[in-house]
Enquirer: 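Could you have a look at this structure, given as structure tokens, before my questions?
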Number of protein chains: 2
Amino acid sequence: MHGLAGISLRDLGQQVGLRAQSLYSYFPSKQAIYDAMFRQGYEQFIAEAATDTPSDNSDVRAEALAGVLAFFDFCTADQARYQLLFQRVVPDFEPSPTSMAVAVDAYARTVGRLAVVAAADQADLDLWTAVVTGLVDQQWSNDPGGTRWRDLVPRAVDMLLDEQRRRRS
Amino acid sequence: MHGLAGISLRDLGQQVGLRAQSLYSYFPSKQAIYDAMFRQGYEQFIAEAATDTPSDNSDVRAEALAGVLAFFDFCTADQARYQLLFQRVVPDFEPSPTSMAVAVDAYARTVGRLAVVAAADQADLDLWTAVVTGLVDQQWSNDPGGTRWRDLVPRAVDMLLDEQRRRRS
DNA sequence: GTCTATATTCTGATAGAC
DNA sequence: GTCTATCAGAATATAGAC
């Protein structure tokens, strides 16, 4: 299977050079492993966003484009991570409150950044997330490793910015 | 598990009032069941698209909106079908040539309809598919059964049409 | 701290009674 | 045509040797 949902503890142990049973010295259950990966993924996301160029509002378009491209590349760098963090394909996995807090924090930071350059209300934001994750999903589904949908990111950002500018006037 | 990937033959048999073993009177393997569902799904898709109002080009915007809404509702009506037809979450499933031909036919029809009202080249089409499937995915992931992203479809269609009109001038 | 051995449960699939 | 009985393998997880 391609994707995170079909990875067994045997597979996972093999990738780290251990037998499946040895993983229980580090985690009490498979769900706990998912939870640690979930939390670590959002911590990576926050850490990576922090290295982006700070906002000085000089060029809204360039800033939005850079932010979306960074997010796109983060999502397409690791399919298992993307599925765990942003899709819902892992069987019966529910993040712990601690890990969920990290995810909420990451989401709030992203919303805050996007509010500066573009999105005003929840509907605006929902449209942005749909377009950007739609591009990511198509890239994974139909051209993994390529740039067919990544190349459309500038067009999509312009489209979204134009739509919102037109909407305010 | 939510979704198609985790459904066993026992689950599937129970939903149709049979034991898992009895399914083998109708299908030689689980993959064959997936294949039949895949083909039937695309046949439903083609049949439903055929009932839509024919294109007379009188109102491009209304026509595009109706088409996208119909597609959106088709995708959000049945999660298992959506995952099987448009996502890639089923373990090791590869459609048979016969079923794949139905899918290719359905795709060609959709492209043909969209070409009339909007998309001109492959990149245009890719942008449409990314936006529409992005809306569907967000609806399933974050508001299943609701209309939070469905309500954004008119905005998205206008946005795409405007972007393409502006691009041609 | 990692291993072997094992328990338990679930999976897809087959054989054969009726 | 659907059932019961059963198989072989893989899944998560535990116990205990070293």
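Naming: A, B, ... by sequence-line order, numbering from 1 per chain.
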Enquirer: Distance from Thr147(A) atom OG1 to Leu152(A) atom CG, nearest 0.5 Å?
Expert: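 Reported value, rounded in 0.5 Å steps: 9.5 Å.
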Enquirer: What is the distance from CD of Gln14(A) to P of dA11(D), rounded to the nearest Å?
Expert: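 Value for this atom pair: 11 Å.
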Enquirer: Among Leu85(A), Val104(A), Asp105(A), Leu84(A), which residue meets the side chain to side chain contact (heavy atoms under 4.5 Å, CB included) test with Tyr42(A)?
Expert: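 Only one of Leu85(A), Val104(A), Asp105(A), Leu84(A) forms a side chain to side chain contact (heavy atoms under 4.5 Å, CB included) with Tyr42(A), namely Leu85(A).
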Enquirer: So, does Trp140(B) use its side chain to make a donor-acceptor pair with the main chain of Cys75(B) at under 3.5 Å?
Expert: yes
Enquirer: I'd like to know if the side chain of Arg109(B) and the backbone of Ala49(B) have a donor-acceptor N/O pair within less than 3.5 Å.
Expert: no
Enquirer: I need a per-nucleotide contact map over nucleotides 2-15 of chain C, read 5' to 3'. Cutoff is protein heavy atoms under 4.0 Å; write B for the base, S for backbone only, - otherwise.
Expert: BBBB-----BBBB-
Enquirer: Would you say Gln83(B)'s side chain and Leu4(B)'s backbone share a donor-acceptor pair under 3.5 angstrom?
Expert: yes
